[in-house]
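Down below is the structure, laid out as structure tokens.
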Amino acid sequence: DAKTTQPNSMESNEEEPVHLPCNHSTISGTDYIHWYRQLPSQGPEYVIHGLTSNVNNRMASLAIAEDRKSSTLILHRATLRDAAVYYCILANAGGTSYGKLTFGQGTILTVHP
Amino acid sequence: AAGVIQSPRHLIKEKRETATLKCYPIPRHDTVYWYQQGPGQDPQFLISFYEKMQSDKGSIPDRFSAQQFSDYHSELNMSSLELGDSALYFCASSPGEGYNTGELFFGEGSRLTVL
């Protein structure tokens with residue numbers, strides 16, 4: 001499985017934008033980039049995913065580098081509820097392994113009031 | 001909206017006992033995944049089922065078994081429990097491998113404590 005690298009931790013202030021980086025230099029052409037987050041004592045929660053183009057949804061935006069070797073999750077206005085561990089995960093489309101997510105070391109996001 | 005339901009939410013067992021965790025996926029989701037998260041660890045994939053057949057297997061001990069039933073709910077059976085099995089067990093579901101939105105929906109987890 002292709003690996004991802006994320007900073008151990010990041011901090012932000014409430015209502016400010018947050019840019020969470022992820023490096024995935026060994027990504028293959030059929031790997032989707034997924035982001036999940038996990039709030040304390042809860043199950044992981046899907047945030048967003050993409051393949052090549054930038055993606056937006058109600059929770060966040062995903063900016064994907066042109067060479068796909070890195071991506072950035074953007075929370076436009078952080079709230080206290082966004083404090084969580086954020087995981088950047090590569091998942092190969094198709095086949096039986098699509099849901100076999102490999103959670104590596106994520107980024108612990110702290111949001112200050 | 002209906003979410004993934006897991007039961008029991010908390011379970012305490014003694015070493016060498018057996019435990020069964022249940023997972024009820026979101027209606028019309030036919031794929032179920034099981035993950036284990038030890039204390040201070042990241043979630044680890046255990047096993048998945050699609051249309052009642054095992055579709056993939058991760059680092060699941062031989063002492064564990066799982067199945068998916070005709071109503072698509074799944075059960076994870078753990079025997080000869082060890083202290084190291086103490087963890088949060090998450091179930092997730094998705095609408096199927098042939099049509100996949102890329103989103104797994106996770107339940108709130110079952111916390112197993114082995115004494």
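Order of the sequence lines sets the chain letters (A, B, ...), proteins ahead of strands, with each chain counted from 1. Computed over heavy atoms, backbone and side chain alike; hydrogens, waters and symmetry mates excluded. None of these values were measured; they are calculated from a predicted model.
More than 12 heavy-atom neighbours from other residues, nucleotides or ligands sit within 6.0 angstrom of CZ on B:Arg63. No more than 12 heavy atoms of other residues, nucleotides or ligands shown are found within 6.0 angstrom of CG on B:Asp62. By the neighbour-count criterion of 12 heavy atoms within 6.0 Å, atom CD of B:Glu75 is densely surrounded, having more than that number from other residues, nucleotides or ligands. For B:Lys15, the NZ atom sits in a loose shell: 12 or fewer heavy atoms of surrounding residues, nucleotides or ligands are nearer than 6.0 Å. Residue B:Lys13 qualifies as enclosed at atom NZ: its count of foreign heavy atoms under 6.0 Å is above 12. Within a 6.0 Å sphere centred on CZ of B:Arg111, other residues, nucleotides and ligands contribute 12 heavy atoms or fewer.
In this structure, A:Tyr36 and B:Pro43 have side chains that are not in contact, with every pair of non-hydrogen atoms separated by 4.5 Å or more. Side chains of B:Tyr33 and A:Leu101 form no contact here, defined as non-hydrogen atoms less than 4.5 Å apart.
For chain A, the nearby part of B:Gln37 is the side chain; its heavy atoms alone come within less than 4.5 Å.
In terms of heavy-atom pairs under 4.5 Å with chain B, the best-connected choice from A:Ser41, A:Gly106, A:Gly104 is A:Gly104.
B:Tyr35 contributes no side-chain N or O that, together with a main-chain N or O of A:Pro44, makes up a donor-acceptor pair within less than 3.5 Å.
Rounded to the nearest 0.5 Å, atoms NZ (A:Lys100) and CG (B:Leu46) are 11.0 Å apart. How far CD of B:Glu103 is from CD1 of A:Ile48: 11.0 Å, rounded to the nearest 0.5 Å.
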